[in-house]
Chemist: 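Quick one: this structure, given as C-alpha cells, is what I'll be asking you about.
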Amino acid sequence: MARGDLVALAVAPDGKAGVSVPETGWVVSAEEIAAADAELRPRWATWSQESAARLAARGVRLATCWDVAAVHRLQSGGFRADPGWAWAHVKGLPLDGIPTRGPGELFGPADDDLGDEAVGPAGYLNAEWADGGWADSPARMVRWAQLALEAARIQHSKPGRDAVGEATVRSESGIELLCAELAHDGLPVSRAAAEGLLADIIGPRPRTAAEAAHARAVRDERVLRHAPAGITADLRSPLQVKSLLKAAGMDVPDTRAWRLEQFRDASPLVAALLEWRKAERIATTYGYGWLDTFLGPDGRLRGEWTGSDGAAGRMTASAGLHNMPAVLRRAVLAEDGHVFVRADLGQIEPRVLAAVSGDRALVAATAADDLYRPVAEQLSVDRPTAKVAMIAAMYGQTTGHGGQAARRMKAAYPVAMGYLDDADRRAQAGRDLRTYGGRLVRMSGGTGTGTEPAARVAGRGRYGRNAMIQGAAAELFKMWAVTVRARGAALDARIVLCLHDELLVHVPERAAGDAEKLVGDCLAETVRRWAPGSRVRFLADIAIVRCWADAKATGGTDTVTGSIGGQEGA
DNA sequence: TGCGGCTATTG
DNA sequence: CACAATAGCCGCAG
C-alpha cells in the first residue's frame, strides 16, 4: 500500500471499521485506522461523511479520502447521494429500479430477501444492507467497504476531467472530512456572553411559561400603544399588521422591513414595529431555546454540516451557524489560551468570474485591491454604479435602471458577459450546466411543456447564470478550506466555521502568527492549483482576534495573495 | 398535520 | 432587490 492509494473504509456505529485493499479485508478499531492513516496515508474510499463522523467522535481525523457521495453530487448533480443511488449511477442502472425497504419489510424478510448478497441479481445494492445492515457482521463490513472502493474506482475512471477537475474531486471529498469535524467540534461560544447579549435584547431568561407569555405581551404592547385608538393586531400575522398600518394611514403591498423603512421617521408605530421585529427574530430563532438546543456544556455550538447543497455546491450548516445575527458574534470567543484567525476572501465572485471566463480585461481589473475601481473607470461611471452593474450581471437583475451601465459592461468585458449570457440561455432552454470545477448543475427537470410561464423560464436563466459563479466560488473556497485543514493540523489549528467566503480558525495562542501566515500561504497554494497559469488575483483579509465580532472592526492585516504569472515555483 | 406564503438573517 | 441558504410563525387544506 502506498501513500495516496485508494483503500476501502466503512466505519460502523460502534467505531469498528471494515477495511479492504481490496484483495484482503479486515475489521479494525478506530485507533488502528488512525495509526494506518498516520503511517501509510492512503486515500480512504468511503460511502459518505458518516464514516468520518464516527471516527471524529472517537478523536480520529483522516488525512484524505474519496467520498463517493460527494463525488457523486459533483459528477451527477442533485443532493441525493445515498449508496444505493450513487451505485446505480456508477453502474448505469435504471434509477427507477433501485430497491427500497418498504414498510411491510420492517416486520420480516421481504419476498426477494437477498440474505448475505450485497449486490442483487439486477446489479443493485441490497436495500437491507444499505439501510444499515452492512454493519451486522465483520464479513459484511469488509464487503461494504469494498463496494465503496469499487464505486470510487468507477467514479475515478470517468473521462473528461482536467487537472482542476481532479483537484476538485479531491477537495470536495476532503470537505466531507471537515464537515464531520465541524459538526463534532462545534463553534466556541461563551454561554455567559451569549446570555448577556440576549438579556439586553429580549430580557432575562423566563423561568415559567407565564413569565415568557408576560414578557411577550410587554414587547407587543410597546408597539401597540402607538396604534390608533381601539385598533389592535397580532404582530406575528403579516395580514393583521397590514391592516394595522392601513388604519394608521399607510397603505403598503406587504410589510417587509425595507418597505416600512420609509415610514420609520414619520411613524412611531412603524419605528416600534421594526424594533419589535428585530427582537422577535432573536427571541424566536436565536433566543434561550436556541442556546439550550445547540450550545453544549463545553461551550461549543453544534450543527450539522453538508459539503455541498443541492444547487451550486455551497456548504450549508444548520443550527443558525450560517445566518446568526451579526450582533451575536460578540459571543463567539476563543477558548483560554487560544485565538481565532479570521480570514475572508475579498470580492470573490467577480474575481472568480474573471478566472472562469478568462476575460482579459476583467482579469486585468483583478490586479487592483478594489476591483470595482478599475471597472468603474472602464465604464466611466462611479464605483457604486459599477458594483451594481457587475452584481446585476452575475445575478441576472432585469429590473431597475442599469441599462446604460449594462451596455458598457458588455462592451468592456465581452468574454465575461458572454460567459454569463451563455449560461443563462442554456439554463432557460433546460440544458444542464457544468461549473468550472466540473459540478453538474441540473436544469433539465420540469421543462418542456411548451406552455411554461415566461417568468419561470427567466428565473431559471438567472439561477443558471449565478450557479456558474457561486458554484465555482464554492469550489475555490472549499479547496482553500481543505488546504488549511491539512496544513493547519501541525499547528493544532482547527477550522471551526466556514461561511461561504470566510474561514474562522481556532488556534493555540502561541501558534497564532504561524497560523495567520499559513492561511494566506494556503490561499496562494490553492490559487495555483485552482487557476493554474491564470493572472487573476485573489485577496484575503486575515486577522488574529479573540472574538469573531472584533475582526472587521479592528481592521486586520490586509494580506494579498494570488497573482501568479505562469508557473512560478511549480 | 403538512405545506405554501411571509418574514428575517447570513454570504 | 436580483442569486443562494436555514428557520420560525401564520393561515389554510385535509
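FYI, side chains are in, hydrogens and waters are out, and symmetry mates aren't considered; it's all heavy atoms of this structure.
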Chemist: Can you figure out which of B/dA8, C/dA5, B/dG11 approaches the side chain of A/H500 most closely?
Modeler: B/dG11
Chemist: Could you check whether A/Y286 gets within reach of a base, just the sugar-phosphate, or nothing at all, counting any heavy atom under 4.0 Å?
Modeler: nothing
Chemist: Find out whether the Lys NZ or Arg CZ of A/R73 is both under 6.0 angstrom from the six-membered ring centre of A/F79 and within 45° of the ring's axis.
Modeler: yes
Chemist: Should A/R277 be listed as having a side-chain N or O under 4.0 Å from OP1 or OP2 of B/dA8?
Modeler: yes
Chemist: Please answer whether the main-chain N or O of A/L371 pairs with a side-chain N or O of A/Q347 as donor and acceptor at a distance below 3.5 Å.
Modeler: yes
Chemist: B/dT9, C/dA2, B/dC6: which one has an atom nearest the side-chain heavy atoms of A/Y395?
Modeler: C/dA2
Chemist: Mind checking if A/R314 touches a base, just sugar-phosphate, or nothing, with heavy atoms under 4.0 Å?
Modeler: base
Chemist: Could you tell me whether A/M394 contacts a base, only the sugar-phosphate backbone, or nothing, with contacts defined as non-hydrogen atoms closer than 4.0 Å?
Modeler: nothing
Chemist: Taking any heavy-atom pair under 4.0 Å as a contact, classify A/A467: base, sugar-phosphate, or nothing.
Modeler: nothing
Chemist: Quick one: is C/dC9 close enough that its OP1 or OP2 comes under 4.0 Å of any side-chain N or O from A/R216?
Modeler: no
Chemist: Among the nucleotides C/dC1, B/dT9, B/dT7, which one has an atom lying closest to any side-chain atom of A/P238?
Modeler: B/dT7
Chemist: Answer yes or no: does a side-chain N or O of A/R462 lie under 4.0 Å from OP1 or OP2 of C/dC3?
Modeler: yes
Chemist: Can you check whether A/K278 has a side-chain N or O nearer than 4.0 Å to OP1 or OP2 of B/dT9?
Modeler: yes
Chemist: Of the listed nucleotides (C/dC9, B/dT10, C/dC3), which one gets closest to any side-chain atom of A/Q470?
Modeler: C/dC3
Chemist: Would you say B/dT7 has OP1 or OP2 under 4.0 Å from some side-chain N or O of A/T255?
Modeler: yes
Chemist: With a 4.5 Å limit on heavy-atom distance, are the side chains of A/H322 and A/W305 in contact?
Modeler: yes
Chemist: For the pair made of CD in A/E280 and C1' in B/dC6, what is the distance, rounded to whole Å?
Modeler: 14 Å
Chemist: Can a donor-acceptor pair be found, under 3.5 Å and without considering hydrogens, that links the side chain of A/R351 to the backbone of A/R537?
Modeler: yes
Chemist: Just checking A/R465: base, sugar-phosphate only, or nothing, at a heavy-atom cut-off of under 4.0 Å?
Modeler: nothing
Chemist: Would you say A/S237 places a side-chain N or O within less than 4.0 Å of OP1 or OP2 belonging to C/dG11?
Modeler: yes
Chemist: From the list B/dG11, C/dC3, B/dT7, which nucleotide is the closest neighbour of the side chain of A/R256?
Modeler: B/dT7
Chemist: Which nucleotide in the list C/dA2, C/dC9, C/dT6 gets nearest to the side chain of A/I391?
Modeler: C/dA2
